[in-house]
Student: 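I am attaching a structure below and will ask some questions about it afterwards.
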Protein chains: 4
Amino acid sequence: MSKRAAIIGASGYGGVELVRILARHPQISELKLGSRGSSGKKIAEVYPNFTKLLNNQLLDPEEVINDVDIVFSALPNGLAEQYAALASGKNIPFIDLSADFRFADEEIYKEWYGSPYKEPLLHEHSVYGLPEMNREKIKKMAAGEKAPIIGNPGCYPTASTLGALPALKHHLNAPGATIIFDAASGITGGGREPQRSFHFPEANDSMTAYKVGAHRHTPEIQGNCGGIPIIFTPHLVPLNRGILSTIYIPLKQPIAEDEARGLYENFYRNEPFVRVLPKGLVAATGPVRRSNYCDISVHLSYKKDVLIIISAIDNMVKGAAGQAVQNMNIIFGFEETAGLQEIPALF
Amino acid sequence: MSKRAAIIGASGYGGVELVRILARHPQISELKLGSRGSSGKKIAEVYPNFTKLLNNQLLDPEEVINDVDIVFSALPNGLAEQYAALASGKNIPFIDLSADFRFADEEIYKEWYGSPYKEPLLHEHSVYGLPEMNREKIKKMAAGEKAPIIGNPGCYPTASTLGALPALKHHLNAPGATIIFDAASGITGGGREPQRSFHFPEANDSMTAYKVGAHRHTPEIQGNCGGIPIIFTPHLVPLNRGILSTIYIPLKQPIAEDEARGLYENFYRNEPFVRVLPKGLVAATGPVRRSNYCDISVHLSYKKDVLIIISAIDNMVKGAAGQAVQNMNIIFGFEETAGLQEIPALF
Amino acid sequence: MSKRAAIIGASGYGGVELVRILARHPQISELKLGSRGSSGKKIAEVYPNFTKLLNNQLLDPEEVINDVDIVFSALPNGLAEQYAALASGKNIPFIDLSADFRFADEEIYKEWYGSPYKEPLLHEHSVYGLPEMNREKIKKMAAGEKAPIIGNPGCYPTASTLGALPALKHHLNAPGATIIFDAASGITGGGREPQRSFHFPEANDSMTAYKVGAHRHTPEIQGNCGGIPIIFTPHLVPLNRGILSTIYIPLKQPIAEDEARGLYENFYRNEPFVRVLPKGLVAATGPVRRSNYCDISVHLSYKKDVLIIISAIDNMVKGAAGQAVQNMNIIFGFEETAGLQEIPALF
Amino acid sequence: MSKRAAIIGASGYGGVELVRILARHPQISELKLGSRGSSGKKIAEVYPNFTKLLNNQLLDPEEVINDVDIVFSALPNGLAEQYAALASGKNIPFIDLSADFRFADEEIYKEWYGSPYKEPLLHEHSVYGLPEMNREKIKKMAAGEKAPIIGNPGCYPTASTLGALPALKHHLNAPGATIIFDAASGITGGGREPQRSFHFPEANDSMTAYKVGAHRHTPEIQGNCGGIPIIFTPHLVPLNRGILSTIYIPLKQPIAEDEARGLYENFYRNEPFVRVLPKGLVAATGPVRRSNYCDISVHLSYKKDVLIIISAIDNMVKGAAGQAVQNMNIIFGFEETAGLQEIPALF
């Protein structure tokens, strides 16, 4: 049975990627697009790639939360709660791509995002939407009386958590040791608003780190890792799409690389979107481009005392819109890969 | 009813793009992959993006032309006829992505490609596969007793011909005047074989022209334009994908830009893959990326005496594999857009 | 004898390239930097590449036109005349990188740039600063009583004019025939102000044309070509730097390619910055990157009836700041290559 | 007093960068170019950017080690010793850009590079040429009777060592703790030989790690760090030039970020090519492009227990040819910045 979906914030990069995926989703029959800034325009006026393909007009956000079966929000941080409240009032599932529903602990949100919850009650029936970690929780919440609210994970936390999770669940890490996530992102991660750091002549052919020791994805990754000490360092690289996270996990005791890889393969053996790469391949962003896959390769340091994981995703798909659709598929009981079966192209 | 397809030359860029599209085509039930150089390997060993998605082994080309309903060849120029002969012997349709079946006139082929036809009889039931120009011929041939052979157009000729065709059919051009096609290609157009011109440090951040006055796509474009004088100048730009053709058509008599655009829109009104852009938009390669669309924008020179057309395609899709699948859809009577409905992403 | 230079508009891309070059010019003893928007800041606060290399503070433009021997202006179009008037009042040479002093005919400026001259008298002792065309005029004006004002040529016009000039001077072109300049620019050509077209994710991996039939460099190129009919079509390509102009010159009568190349070589035999490439090489932007060279390659169309010239420059150097320094060298009687001897790097 | 220089391996990327720098060095009067593979050709036939600028013919390597004052070798690893022996026989200083003279301990070289020294005696008067670490040793050796042999550091080790050195010299690091160097390189680092990883369509718009836990620069970095445990992970990013090294140094005891930055600034206060960035700036490869500078920014982890250093160089300049010229300047007693004063351009 098909469903009707609304997208708020459809004119941003996260939103438009949702449009691209949902417009071809086999079980989505109708798409309503909301935009705070561009309401009144046709989507193809804002994104020329939709010319003659999609005739949707952008509407006010409030307007689209009507006569739909699910609402996606791709607004910037700090704006989702009011719309979640509206959806919740109509008992419509709400999937938020911002950070607003990612934290169980309001204190952490306040510390890193600077404001308290506006609608604290809503957070009681929200869940962090990393399916590989929380699939059963998501299903359970979807089966409950109240429509679920999904805090869709950040791009860096998705790649980083999927890379660390099997090692942590198998207690390979030395207790108390800090895990380092040294990660890089393509420039779509910064959104559509032009600014100097993303101006072609200054972003092209250059690489930098940013927000060293201070990026907001730190507590999200740390929470996913059970609260152990971590360091997260983001870098900006001249890619359109892609997150590569290089993860250093000090080992509790020696383990052979093949054995570690075997644990990873087994951990993800039923996951439709995680590919643990065979020996000899190293995860890269190219081979997951424009797909919902997360590629993971397993390595050891030269002295064999640190597990080194390389984890790669497309930040716009598994790191944002694709994962949101995966969450929707779980909520509605669709095939989890529905609408997400595009084969990544290497180029 | 679904069909079984074989791809020869599956390990090249044109071939692997066919694999990517056909593996998700709703009416293709089986895919056999042939490769002259990599036979014996799994496709995912050659292209890591297929890891855990496609388990096909690459086979000898001869082997795959068995128990299939259609054969695609993505071999380099000069190698297709022998496999076309095999397919023809079994009365299996054959779609060739090389130049070998693009010319009705053997003399032109000999002049530009340096060798005569090896199998001249085959060319009698071959047709140039630009659907927007030859759809009825393709259908008629597909309806005949002998399985058709399709000469799938070149990338530059596809963008260039689609851009010029409406003006020529409406006789807007000054008789005898030379039409200039100044075009640029992304670097996948050069194939997968590493070479200095495509070595990242020398191709990146640089632009050049090449084969000025001497590129083999000249006679193909000229033939599509009815033999009138043309000049074709290709350029290499640091894009992965894309052809942009800027076309200068001296006008027989003045025409308003809007009227010319109207003629173009009308000419392509029933074409599923050609988008004549509204006034104010200029065709670009980004908005057609990874799709089978051809975007065309219509302009006039400052003095209004020359029609300037900008035509953009993805060289790997509408310029190669996508167009081949479009031809297959026509041959089998499938929906012409089957397997080709991906929405282009702007980035 | 060394000189003191001022740069107005030093925080834009054209201005900062002047800073880079003049700071290492052997005969420039002092550099004053003016900026309308960033005055008060150190240059290294605005451009981190100058950190610990250049300690200059940005001053108000009026302030820097004091106690200097030459003034460069790299302001946007329409702002130079007031500063030229100040410099002129002190009889200081003024080199303007904008379009404001490029046109001898005010009517053309008004038509294309939308406003009349504010200081018409100043234009009487201004000269168009393309040394390969006007060296003697520049020298003569510099030798006069009034300090010269140089209208430094546009980037597209520089590459385009240098490519066409020898053919026109030798009357190779068919009289009355339109010459087409199909050209492409790197993205620094758009300046430092962030905007959507230059936002990395939308500019990267895409190519487009823009202002088709309507770009302001049209009358400048046409003027340089003696007023004959021309068409100029600019394109945007994902390069940091570079202009490539592909020029189509219909021939009055047949000429062998080698003979045409010989004429070009001879025409530029004494020019320090124009390199007519030997047979077999095609001009490209990579091999002139970050240098003041203009590379030109000479070709014929397939039918030998059209001369095709490929002309390449670095838009920031020969297309802007480098040429301005070349003009300064001529004015002061320095070695014309002083400060401009950097060897281009291929990558 | 000017000197004559020879470059062996002048047709590779390291060699040609030496040519570019030395051809404009104020104290180099003559340049002889040797090449094993391209001998007989003119340098401009191999690198078109030299057209009409440099007329040098490539000669056999043996031939160029005559009548010169210094020899640079930019050959691949494993080939330098024979030429060092020739130079040494004539008591000519020899600067080797390969790994062959980087290790004091032959065992380490054998373990990582697979072969013993062919000329063990030569290594007795060789020195590792990182001026910021070994300037006095280099000077002393240059003052000795035997001409010095310089093992010019690797690109990754240069950025990584310069980033770690001040912390280590000040004993900020927790004894026994592993220091992680997570670094990325532009693609010129892979040399000029075309190969699949560096083929534009596969390298562009993708990022990967490589040789995880196994890269040969590991022992070189470790040696420079006094033998403490390290992990080094290299990544490939789509840049032409640049190394960015992100360095994690667990602290022995807490230190304020400003204090740590102060130690760094003081450590490098007399170094002409190291720029410790002020608070608020993060090191990036763009602002050092095509220069001999190393930019270093100093940060703390969120929990203040790990010092995070970002260190950026141009891999072809400070990471190879520029540093070699810096070493030559030291040997000959030239100004250390001679020939290396180009201001980096941001784009």
Side-chain angles (χ1 to χ4, degrees), chain B residues 178 180 182-186 199-215 218-219 222 229-233 235-244 246 248 250 257 282-289 297-306 308-310 312 346-347, chain C residues 178 180 182-186 199-215 218-219 222 229-233 235-244 246 248 250 257 282-289 297-306 308-310 312 346-347:
Chain B
T178 296
I180 291 177
D182 189 287
S185 174
H199 190 49
F200 185 89
E202 310 210 4
N204 184 41
D205 211 34
S206 188
M207 177 178 178
T208 190
Y210 63 102
K211 293 189 186 158
V212 182
H215 193 282
T218 304
Q222 184 171 36
I230 71 146
I231 290 174
F232 164 61
T233 312
H235 296 75
L236 193 68
V237 287
L239 310 172
N240 273 4
R241 292 161 173 259
I243 295 275
L244 195 84
T246 298
Y248 300 90
E257 192 185 286
V282 182
T285 64
V288 297
R289 191 185 292 134
S297 64
V298 175
H299 314 265
L300 284 180
S301 66
Y302 185 67
K303 287 181 55 196
K304 317 295 182 204
D305 55 344
V306 174
I308 304 178
I309 303 296
I310 315 290
L346 195 55
F347 44 80
Chain C
T178 296
I180 292 176
D182 189 288
S185 173
H199 190 48
F200 185 89
E202 311 210 4
N204 183 40
D205 211 35
S206 188
M207 175 178 179
T208 190
Y210 65 101
K211 294 190 184 157
V212 182
H215 193 283
T218 304
Q222 186 172 34
I230 70 146
I231 291 174
F232 165 60
T233 312
H235 296 75
L236 193 68
V237 287
L239 310 172
N240 273 5
R241 293 160 173 261
I243 295 274
L244 195 84
T246 299
Y248 298 91
E257 192 185 285
V282 182
T285 64
V288 297
R289 189 184 295 133
S297 64
V298 176
H299 314 265
L300 284 180
S301 66
Y302 185 66
K303 286 179 58 197
K304 318 293 183 205
D305 55 345
V306 175
I308 304 177
I309 303 296
I310 315 290
L346 194 56
F347 43 80

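These values consider heavy atoms only, across backbone and side chains, with no hydrogens, waters or symmetry-generated copies. Residue numbering restarts at 1 for every chain, and letters A, B, ... go by the order of the sequence lines. Quick caveat, the model's predicted, so the values are computed rather than measured.
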Student: Which atoms of V282(B) come close to chain C, meaning under 4.5 Å heavy atom to heavy atom: side chain ones, backbone ones, both, or neither?
Tutor: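 Both parts, backbone and side chain.
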Student: State, without any angle test, whether T178(B) and Y248(C) hold a side-chain donor-acceptor pair at a distance under 3.5 Å.
Tutor: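 On atom types as modelled, these side chains do not qualify, holding no pair under 3.5 Å.
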Student: I'd like to know which of N204(B), V237(B), V288(B), N240(B) tops the heavy-atom pair count under 4.5 Å against chain C.
Tutor: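 The answer is N240(B).
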Student: Between chain C and each of T218(B), V306(B), I180(B), L346(B), count heavy-atom pairs under 4.5 Å; write down the option with the most.
Tutor: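 Most pairs with chain C among the choices: I180(B).
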Student: Check whether any side-chain heavy atom of Y210(B) lies under 4.5 Å from a side-chain heavy atom of H215(B), and answer yes or no.
Tutor: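 Counting from C-beta outward, Y210(B) and H215(B) do come under 4.5 Å.
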Student: Sort H235(C) into side chain, backbone, both or neither according to what part of it lies under 4.5 angstrom from a heavy atom of chain B.
Tutor: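 For H235(C), side-chain heavy atoms alone lie under 4.5 Å from chain B.
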Student: May I ask you to check whether over 12 heavy atoms, not counting those of K211(C), lie within 6.0 Å of atom NZ?
Tutor: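 No.
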Student: For the residue pair L239(B) and P238(C), establish whether any side-chain heavy-atom pair is separated by less than 4.5 Å.
Tutor: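 Of all side-chain heavy-atom pairs linking P238(C) with L239(B), at least one is under 4.5 Å.
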Student: Measure distances from D305(B) to the heavy atoms of chain C and classify the residue's part below 4.5 Å as side chain, backbone, both or neither.
Tutor: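 Contact with chain C: side chain only.
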Student: Please identify, among R289(B), E202(B), K303(B), K304(B), the residue contributing the most non-hydrogen atom pairs under 4.5 Å to chain C.
Tutor: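 If we count pairs closer than 4.5 Å to chain C, R289(B) comes out on top.
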Student: Examine distances only and state if a side-chain atom of T208(B) and a backbone atom of L236(B) form a donor-acceptor pair shorter than 3.5 Å.
Tutor: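 No, the answer is negative, given that no donor and acceptor are paired below the 3.5 Å cut-off.
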Student: Heavy-atom distance under 4.5 Å to chain C: side chain of A209(B), backbone, both or neither?
Tutor: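 Contact with chain C is through both the backbone and side chain of A209(B).
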Student: For the side chain of S297(C) and the backbone of A283(C), is there at least one donor-acceptor N/O pair under 3.5 Å apart?
Tutor: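 Pair found, side chain donor or acceptor close to backbone of A283(C).
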Student: Using non-hydrogen atoms only, which part of I310(C) is less than 4.5 Å away from chain B: side chain, backbone, both, or neither?
Tutor: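 The side chain, not the backbone.
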